[in-house]
Amino acid sequence: MVPTGCRYETGGSRVWGVMSQDTGIVRPIVADRTDLEDLYVRHMPGAVRVAALITGDADLAQDIAQDAFLRSVGRFRHLRQPEAFEAYLRRAIVNACTSHFRRRTVEAAYLRGQARAAVSVDEPNHGRRDELRAALSALPARQRAAVVLRYYADLSEQQAGEALGCSTAAVRSMVARAMETLRERIPRSEDT
């Protein structure tokens, strides 16, 4: 497979096209550094403006536009139409902005969860805790597992049922029986 080459102009930029003899598809390749600089100078101001309008943050827009440009240039030789570079770059910017906002949403949700977990909860006194542990260990294994999954691991009834290999109704039943047993073994005191 010996590629044959031909030069052609695309919108003021010289691009080297390499045609594969077995496929007949022309693969454009940026010929030299000046062509890369030309692409950068022509497309980056518009790319930064698009990113700034989407994100509302000039510094973030610069970072996103730079990353999108690098990704687009890396894929430049795979474009069938080199003049479509601007549209490809614009799409890469939109995708990068979407990914940024998605990551930010996930991070915010995680931080909210951490903040809720950090809220101090009144700890039972240590004597009651040991009593509760002893009563919990006296429960049948499946009831103990159901209580731990529901209240310690904070799983839904459906998730606990999947973990235990039973229906949600069975989980409800096991938790109810376990809680009834625990209430009998550990009477609630006035100060707790």
Please round to the nearest 0.5 Å and tell me the distance separating atom [atom1] of [X] and atom [atom2] of [Y].
X: Cys97; Y: Leu60; atom1: SG; atom2: CG; answer: 7.0 Å
X: Ile64; Y: Asp59; atom1: CD1; atom2: CG; answer: 11.5 Å
X: Arg49; Y: Ile93; atom1: CZ; atom2: CD1; answer: 10.5 Å

Residue pairs involving residues 89-100 (criterion side-chain hydrogen bond (donor to acceptor under 3.5 Å, both in side chains); sequence neighbours excluded):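 Sorted result for residues 89-100: Arg91-Asn95.
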Can you list everything that forms a side-chain contact (heavy atoms from CB on, under 4.5 Å) with [X]? Sequence neighbours excluded, please.
X: Leu70; answer: none
X: Ala61; answer: Ala51, Ala52, Thr55
X: Ala65; answer: Met44, Ala47, Val48
X: Ala135; answer: Leu182, Arg185, Ile186

For Tyr40, check ring pair (Phe, Tyr, Trp, His ring centres under 6.0 Å) against everything at least two apart and list the hits.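 For Tyr40, the residues satisfying ring pair (Phe, Tyr, Trp, His ring centres under 6.0 Å) (neighbours in sequence not counted) are Phe69.
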Are Tyr88 and His43 close enough that some pair of their side-chain heavy atoms sits under 4.5 Å apart?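 Heavy-atom side-chain distance check fails, nothing below 4.5 Å.
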Are the side chains of Gln143 and Val175 in contact, using a 4.5 Å heavy-atom criterion?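 Counting from C-beta outward, Val175 and Gln143 never come under 4.5 Å.
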Which residue pairs pass the salt bridge (charged side-chain N to carboxylate O under 4.0 Å, His left out) test when at least one of the two sits in residues 139-153, sequence neighbours left out?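 Counting only pairs at least two positions apart or across chains, no salt bridge (charged side-chain N to carboxylate O under 4.0 Å, His left out) contact touches residues 139-153.
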Give me each pair satisfying salt bridge (charged side-chain N to carboxylate O under 4.0 Å, His left out) with a member in residues 97-107, each pair once, sequence neighbours excluded.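 As it turns out, there is no salt bridge (charged side-chain N to carboxylate O under 4.0 Å, His left out) pair with a partner in residues 97-107 once direct neighbours are skipped.
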Side chain to side chain donor-acceptor pair (under 3.5 Å) involving [X] - partner list, sequence neighbours excluded:
X: Gln62; result: none
X: Tyr152; result: none
X: Ser173; result: Arg177

I'd like to check the salt bridge (charged side-chain N to carboxylate O under 4.0 Å, His left out) partners of Arg172; sequence neighbours left out, ordered by chain and number.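 Expected list: Glu157.
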Tell me whether Arg42 is salt-bridged to Asp38, with the criterion being a basic N under 4.0 Å from an acidic carboxylate O.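 Salt bridge: yes.
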Begin with the C-alpha distance, continue with both residues' side-chain angles, and end with the deciding distance and a verdict on side chain to side chain contact (heavy atoms under 4.5 Å, CB included) for Val148 and Leu136. CA-CA 9 Å; Val148 168; Leu136 188 61; 4.2 Å; yes
How close do Leu155 and Ala160 get, counting heavy atoms only, and between which atoms?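 Heavy-atom minimum between the residues: CB-N, 4.1 Å.
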